[in-house]
Asks: 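Below you will find the structure I want to go over with you.
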Amino acid sequence: LLMEPLPPGSGLEFAAACSEDLLEGRWQRLVLTHLAEREHPGVLTGSAITDMKITLIAGRAHQKHTEGGDFRQATYRAVRQGLQKGKSILLEPYYCFSLELPTALVGRAMADIRKMNGVFEEPDTREGVTLLTGSAPAAAMQDYPKEVMAYSGGMGRLFCTFKDYEPCQNTDEVVEACGYDAERDLENPTGSVFCSHGSGFLVKWAQVEEYMHIDRKCWGRESTPSVETRAAPTAGGAGDFFAEEKELEEIFLRTYGPAKKRAGGQPKRVEAPSAKRSYRPAREEALPEYLLVDGYNIIFAWEELQELAGVNIDGARDKLMDILSDYQGYKKCTLILVFDAYKVAGNPGSVQKYHNIHVVYTKEAETADQYIEKVAHQIGRKYHVTVATSDGTEQVIIRGQGCYLSSAGELKEEILAFQEEIRGKYLEKGGQKTFLFDRLPREMADSMEEVRLGKKKL
């Protein structure tokens, strides 16, 4: 939806400028119907929007799965998401007023009107009585008739009529007093719902463009609205460390250096999960390896960690972090362990470096599944990415991103195999005991033995 401001008092206008090759006419008419059928609340105070032209410029439907009710929700949410992206201007009602009072008091009246951020025309004075006309905010004029009666001794008269809505003079103060939070208005959500492999999931308004199915190149008009961009508050902090592909690539560059291109440019094949795997480190010419682990999924899939979680969930997390830290030291991959923290209100998310692995706690309203899917989408076809999870839906999605897949059981099997291999190598290289005098010359060893037995002093 292209949302453009109109002159004050214009109300709302709706139009369509979308090719029917992109979206059928019946769906376009349905979108226009849903735009006009209700008052759309704004994002500053929840008040109705006005003085705006909303044009449908792009859309997409599925021949089999799309139903009419889908476009109702999509339309409402698109308006809200657009309002979050743009800069909203809060309007307030204005009165036209006529103030008649003794000429000696006109100076006091003009000063009062200016304090109210009102305007007035040239005073009209006749026979000691002055008529002052103009307009002022309705909120400021509410108690003014009483003041006029008081300071004029009952000689003044004030008449007010509704004029129109004009920009509010103290927007910040009004918005703060109202306490409206657009992102917590459950009846008018700002986010969108996307469907992936038959399963729906929520996406916050600021992340919608990362998931949307509409290519900007297909848009029939300029995609940047003429409304000024409004920097709405978003959850920031360290949790956004992995939000962009550039930042993800920096992890690889620090670890492996620039990635080498594949010979022949052939697309990567998706590896079928297998119970038997090779536990040797990757060859030098291979692409950098990247392992994403769904933390809580693994904890509740491994029996020993599940039992520990029943007693102390923090202990289970720490135990898993230690196991994966040891595993990373052998595997030499970039390992990111992701934990859900989406139910923590106001949580901005965080990323921590635990020894040699990265530990991510997702931000509010973002699950580990969504985070992993987003990262897999961004880098899945550039690097050797493996995702460890036993979530069936997530496994299907990950395969579609060209990533390798490891179930919780397979990851455990691989970790046990590497531990056994390390133990075997240790025993081969000298797991037997080594004594202090074994490597001393024979004479010195005999002398030190006599000292040890007390037969000789140093």
Asks: Does a side-chain heavy-atom distance below 4.5 Å link Q81 with T190?
Replies: no
Asks: Could you tell me whether the side chain of V338 reaches within less than 4.5 Å of the side chain of V293, counting heavy atoms only?
Replies: no
Asks: Does any part of the side chain of L56, heavy atoms only, come nearer than 4.5 Å to the side chain of C18, both counted from C-beta?
Replies: yes
Asks: Got a salt bridge between R157 and E100, using NZ or NE/NH1/NH2 to carboxylate O under 4.0 Å?
Replies: yes
Asks: About how many Å separate OG1 of T50 and CD of E39, when rounded to the nearest 0.5 Å?
Replies: 9.0 Å
Asks: Between T386 and L292, is a side chain to side chain contact (heavy atoms under 4.5 Å, CB included) present by the stated rule, with each step listed?
Replies: CA-CA 6 Å; T386 302; L292 274 170; over 6 Å; no
Asks: Could you check whether atom CZ of R60 has more than 12 heavy atoms from other residues, nucleotides or ligands sitting under 6.0 Å from it?
Replies: no
Asks: May I ask you to check whether over 12 heavy atoms, not counting those of K319, lie within 6.0 Å of atom NZ?
Replies: no
Asks: Can you establish whether the number of heavy atoms outside I89 located under 6.0 Å from its atom CD1 is more than 12?
Replies: no
Asks: Are the side chain of E92 and the backbone of P137 linked by a donor-acceptor contact shorter than 3.5 Å?
Replies: no
Asks: For the side chain of S19 and the backbone of D21, is there at least one donor-acceptor N/O pair under 3.5 Å apart?
Replies: yes
Asks: Using a strict 4.0 Å threshold on nitrogen-to-oxygen distance, state whether E209 and K85 make a salt bridge.
Replies: yes
Asks: Tell me if the aromatic rings of Y290 and H384 count as close, with their centers under 6.0 Å from one another.
Replies: no
Asks: Going from CD1 on I57 to OG1 on T55, what distance comes out if it is rounded to the nearest 0.5 angstrom?
Replies: 8.0 Å
Asks: At their closest point, which heavy atom of L132 faces which heavy atom of E121, and how far apart are they?
Replies: CD1-O, 3.9 Å
Asks: Regarding Y180 and D185, do their side chains bring together a donor and an acceptor under 3.5 Å, going by distance alone?
Replies: yes
Asks: Answer yes or no: is there a side-chain heavy-atom contact under 4.5 Å between T171 and E173?
Replies: no
Asks: Determine whether L6 and M52 satisfy the following criterion, side chain to side chain contact (heavy atoms under 4.5 Å, CB included), listing intermediate values before the conclusion.
Replies: CA-CA 5 Å; L6 292 177; M52 187 186 304; 5.6 Å; no
Asks: Are the ring centres of F162 and Y165 closer than 6.0 Å?
Replies: yes
Asks: Run the side chain to side chain contact (heavy atoms under 4.5 Å, CB included) test on D164 and Y94 for me, step by step, so that the C-alpha distance in whole Å, both residues' side-chain angles and the decisive distance to 0.1 Å come before the verdict.
Replies: CA-CA 6 Å; D164 57 16; Y94 267 64; 4.0 Å; yes
Asks: Please tell me if the side chains of R38 and H40 come closer than 4.5 Å, counting only heavy atoms from C-beta onward.
Replies: yes
Asks: Could you tell me whether a side-chain N or O of E410 sits under 3.5 Å from a main-chain N or O of S407, the two making a donor and an acceptor?
Replies: yes
Asks: For residues Y296 and R317, is any side-chain donor paired with an opposing acceptor at under 3.5 Å?
Replies: yes
Asks: Return yes if some donor-acceptor pair links the side-chain N/O of D51 with the main-chain N/O of S10 below 3.5 Å, else return no.
Replies: yes
Asks: For residues E183 and Q84, determine if any side-chain heavy atom of one lies less than 4.5 Å from a side-chain heavy atom of the other.
Replies: yes
Asks: Taking side chain as C-beta onward, heavy atoms only, is P167 less than 4.5 Å from Q169?
Replies: no
Asks: Go through the steps for E13 and I54 under the test side chain to side chain contact (heavy atoms under 4.5 Å, CB included), then give the verdict.
Replies: CA-CA 6 Å; E13 295 182 12; I54 303 179; over 6 Å; no
Asks: How about E176: does its CD atom have over 12 heavy atoms from other parts shown lying under 6.0 Å from it?
Replies: no
Asks: Got a salt bridge between R29 and E24, using NZ or NE/NH1/NH2 to carboxylate O under 4.0 Å?
Replies: no
Asks: Considering non-hydrogen atoms only, spot the tightest contact between H34 and Y76 and give its length.
Replies: O-CE2, 3.6 Å
Asks: Is it the case that Q73 and R77 place a side-chain donor and acceptor less than 3.5 Å from each other?
Replies: yes
Asks: First locate atom NZ of K412, then atom CD1 of I298, and finally report the distance between them rounded to the nearest 0.5 Å.
Replies: 10.5 Å
Asks: Can you check whether T389's main-chain N or O pairs, donor with acceptor, with D294's side chain at less than 3.5 Å?
Replies: no
Asks: Grab the two heavy atoms, one from I357 and one from S325, that are nearest each other, plus how far apart they are.
Replies: CG2-CA, 4.0 Å
Asks: Please name the residue in the list L337, L335, T334 that meets the side-chain contact (heavy atoms from CB on, under 4.5 Å) test with H358.
Replies: T334
Asks: Have E289 and Y383 got a donor and an acceptor in their side chains that come within less than 3.5 Å?
Replies: no
Asks: Apply the ring pair (Phe, Tyr, Trp, His ring centres under 6.0 Å) test between Y361 and each candidate in F339, Y371, Y354; give the one that qualifies.
Replies: F339
Asks: Minimum heavy-atom separation for A109 and L99, please, with both atom names.
Replies: CB-CD2, 3.6 Å
Asks: If I take atom CZ from residue R72 and atom CG from residue L30, how far apart are they, to the nearest 0.5 angstrom?
Replies: 7.5 Å
Asks: What I'd like to find out is whether the side chain of W302 reaches to under 4.5 Å of the side chain of L411, using heavy atoms alone.
Replies: yes
Asks: If I take atom CD1 from residue I415 and atom CG from residue D326, how far apart are they, to the nearest 0.5 angstrom?
Replies: 9.0 Å
Asks: Can you confirm if the aromatic rings of Y95 and F159 lie within a centre distance of less than 6.0 Å?
Replies: no
Asks: Which atom names give the shortest non-hydrogen contact between C333 and L291, and what distance separates them?
Replies: SG-CB, 4.1 Å
Asks: Can you see whether D112 engages Y144 through a side-chain donor-acceptor pair at a distance of less than 3.5 angstrom?
Replies: yes
Asks: Looking only at heavy atoms, what is the nearest atom pair of A182 and R80, with distance?
Replies: O-NH2, 3.5 Å
Asks: Output the distance between atom CG (L324) and atom OH (Y327), rounded to the nearest 0.5 Å.
Replies: 9.0 Å
